Novice: 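What follows is a single structure, and I will ask about it in a moment.
Keep in mind it's a predicted model, so treat the numbers as computed, not measured. So that the names make sense, note that chain A is the first sequence line, chain B the second, and so on, each numbered from 1.
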Number of protein chains: 2
Amino acid sequence: MNNRSKILEVALDLFAMRGYDGVGVQEIVEGAGITKPTLYHYFGSKRGLLDSLLQEKFGLFNKIIKKSALYNHDLPLTINNLVESYFQFAKENSRFYRMKLSLFFAPPMSEASKAVDGFIKEQYKIIESLFIKASKDYGNMKGRHRSYAATLLGTINTYIRLSLEGEVDLNQELVRRVAHQFMHGIYS
Amino acid sequence: MNNRSKILEVALDLFAMRGYDGVGVQEIVEGAGITKPTLYHYFGSKRGLLDSLLQEKFGLFNKIIKKSALYNHDLPLTINNLVESYFQFAKENSRFYRMKLSLFFAPPMSEASKAVDGFIKEQYKIIESLFIKASKDYGNMKGRHRSYAATLLGTINTYIRLSLEGEVDLNQELVRRVAHQFMHGIYS
DNA sequence: GGAGCAGTATACCACTCGGTATATAAGGTG
DNA sequence: CACCTTATATACCGAGTGGTATACTGCTCC
């Protein structure tokens with residue numbers, strides 16, 4: 001593995017476990033077996049390193065989500081696919097998802113929060129646009145797209161967090177349950 | 001206000017907005033209009049300051065939650081009361097709840113996560129014990145207490161976060177909806 | 001009135017922080 | 001070969017970190 005990838009790898013590990021502010025540049029370069037000028041050569045700054053890390057991971061992630069959220073005039077099925085994609089991605093990228101969760105809930109003025117804000121908003125837009133399209137078939141959704149997107153994402157994150165703690169297994173049955181529970185929430 | 005309270009006040013503000021790791025001791029004492037030895041006189045260390053802050057706030061918080069979670073053989077009603085208490089507390093202590101959320105999702109090996117861990121576990125136990133008691137009346141809950149507690153708390157936190165972003169209002173109608181949605185989740 | 005103690009400030013500590021000036025080595029290109 | 005670019009290391013920077021040694025003040029209690 002080249003040095004750039006190695007740095008990203010080590011940074012993800014450390015940020016996920018101890019947080020962006022809790023990890024120093026020195027520790028990252030030691031973990032990667034290189035020196036600081038190498039890191040600054042590739043990423044320019046600590047923040048630049050975080051940005052590159054988020055760019056690479058969210059690039060793939062949001063592409064997957066976008067594909068799953070394509071509306072096919074069957075909302076329950078689309079929700080099911082969406083939940084499944086989230087669970088699948090979280091299973092395959094558990095360290096990244098751990099970091100994503102802590103960044104999502106990071107204090108609003110923290111450096112880390114600013115870095116992740118755009119990517120999170122992108123995910124919101126993807127899910128919102130699903131509900132906007134669906135509202136042509138399902139009439140009773142007026143003005144609630146944002147809140148639907150937020151609660152769906154909230155529910156998904158709750159279960160992914162539980163799985164990171166080893167409390168649940170993100171299997172097909174859970175996908176079905178989460179999707180069903182969410183759809184029921186809309187109609188109640 | 002005495003200096004001790006002033007320090008706690010300023011620390012809560014700063015930690016909630018920029019995170020424990022993102023705020024230096026110097027900044028806290030400047031905000032409180034005192035000097036470092038005063039802070040170290042009262043709290044011994046930066047971590048001691050965080051511990052005292054959490055102790056004071058969670059002391060009150062968990063007492064309220066414990067009272068609301070007393071089981072009266074009517075689970076839907078108890079859930080309703082519990083959700084209402086969380087919402088009420090979050091409304092009256094929005095800065096603290098903002099900090100609580102970021103600490104709850106803080107990376108597992110971070111200093112802040114260690115500090116909050118015990119208090120969060122206490123909340124979990126309160127809610128778990130509610131479901132354990134209820135399971136004598138409602139048979140189909142075997143072994144799921146932990147997962148019920150986690151998903152209820154997860155749903156509550158999702159809506160409180162939305163309210164902190166100004167997206168929803170934590171009113172009685174929302175309390176009812178959240179409680180209903182959760183109960184439906186149990187029986188599905 | 002003197003002793004002791006809580007509370008506070010000045011001035012400092014060693015260390016770590018993010019970041020950089022400079023040099024060197026390797027590899028491709030004219 | 002000379003030259004440029006990329007990639008890397010040594011050694012350093014000023015500023016900020018959490019934390020403290022010391023001294024002074026004012027209050028309480030014998």
Novice: Tell me what B/V23 touches on the nucleic acid: a base, only sugar-phosphate, or nothing, going by heavy atoms under 4.0 Å.
Specialist: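 Here B/V23 touches the backbone only, sparing every base.
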
Novice: Is the phosphate of D/dT8 approached by A/T38 (side-chain N or O, under 4.0 Å from OP1 or OP2)?
Specialist: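 Checking D/dT8 against A/T38, no side-chain N or O comes under 4.0 Å of OP1 or OP2.
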
Novice: Should the pair B/R144 and B/F131 be classed as cation-pi, given the thresholds of under 6.0 Å to the six-membered ring centre and 45° from the axis?
Specialist: no

Novice: Can you measure B/I28 atom CD1 to D/dG16 atom P for me and round it to whole angstrom units?
Specialist: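 Rounding to the nearest Å, CD1 of B/I28 and P of D/dG16 are 16 Å apart.
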
Novice: Distance check needed: D/dG16 P versus A/D21 CG, whole Å only.
Specialist: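 Answer to the nearest Å: 16 Å.
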
Novice: How close or far is atom C1' of C/dG18 from atom OH of A/Y20, stated in whole angstroms?
Specialist: 9 Å

Novice: When you check the gap from the basic side-chain N to the acidic O, do B/E165 and A/R146 get nearer than 4.0 Å?
Specialist: no

Novice: Just compare D/dA9, C/dG18, D/dG19 and give me whichever is closest to any side-chain atom of A/I34.
Specialist: D/dA9

Novice: Whether B/N3 contacts C/dG7 is assessed here as follows: a side-chain N or O lying under 4.0 Å from the phosphate OP1 or OP2. Is that the case?
Specialist: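 Answer no for this pair, as no side-chain N or O of B/N3 is under 4.0 Å from OP1 or OP2.
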
Novice: Give me the ring orientation class for B/F61 and B/F89: parallel if the planes are under 30° apart, tilted from 30 to 60°, perpendicular past 60°.
Specialist: parallel

Novice: Over how many whole Å does the gap from A/K46 atom NZ to D/dA15 atom P extend?
Specialist: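 Spelled out: NZ on A/K46 to P on D/dA15 is 20 Å.
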
Novice: Rounded to whole angstroms, how far apart are CZ on A/R4 and P on D/dT8?
Specialist: 12 Å

Novice: Rounding to an integer number of Å, can you tell me how far B/E30 CD sits from D/dG16 C1'?
Specialist: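 The distance from CD of B/E30 to C1' of D/dG16 comes to 11 Å, rounded to the nearest Å.
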
Novice: Report for the helix from C/dG1-D/dC30 to C/dG30-D/dC1: angle between first-end and last-end helix axes, five pairs each, rounded to 10 degrees.
Specialist: 10°

Novice: Does atom NZ of A/K125 have more than 12 heavy-atom neighbours, drawn from other residues, nucleotides or ligands, at distances under 6.0 Å?
Specialist: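 Counting other residues, nucleotides and ligands, NZ of A/K125 stays at 12 neighbours or fewer.
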
Novice: With a 4.0 Å cutoff (strictly under), does any side-chain N or O of A/Y40 reach OP1 or OP2 of C/dG19?
Specialist: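 Looking at the OP1 and OP2 atoms of C/dG19, one of them is under 4.0 Å from a side-chain N or O of A/Y40.
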
Novice: Where do B/L174 and B/D169 come nearest, in terms of heavy atoms and distance?
Specialist: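 For B/L174 versus B/D169, the nearest heavy atoms are CD2-O, 3.6 Å.
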
Novice: Could you give the CG-to-P distance, from B/N2 to D/dG26, as a whole number of Å?
Specialist: 19 Å

Novice: Are the aromatic rings of B/H180 and B/F182 close, with centres under 6.0 Å apart?
Specialist: no

Novice: If you find the nucleotide of DNA chain C closest to A/G24 and the one closest to B/Y42, which residue's nucleotide is nearer the 5' end?
Specialist: B/Y42

Novice: Which whole-number value in Å describes the distance from B/L39 CG to D/dG19 P?
Specialist: 9 Å

Novice: Do any side-chain nitrogens or oxygens of A/H41 fall under 4.0 Å of OP1 or OP2 in D/dA7?
Specialist: yes

Novice: At less than 3.5 Å, do the side-chain atoms of A/K36 and the base atoms of C/dG19 form a donor-acceptor pair?
Specialist: yes

Novice: Measure from the side-chain heavy atoms of B/P37 and tell me the nearest of D/dG18, D/dA21, D/dT10.
Specialist: D/dA21

Novice: Are a donor atom and an acceptor atom from the side chains of B/N157 and B/Y97 found within less than 3.5 Å of each other?
Specialist: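 Their side chains do contain a donor-acceptor pair, which is all the 3.5 Å distance test asks for.
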
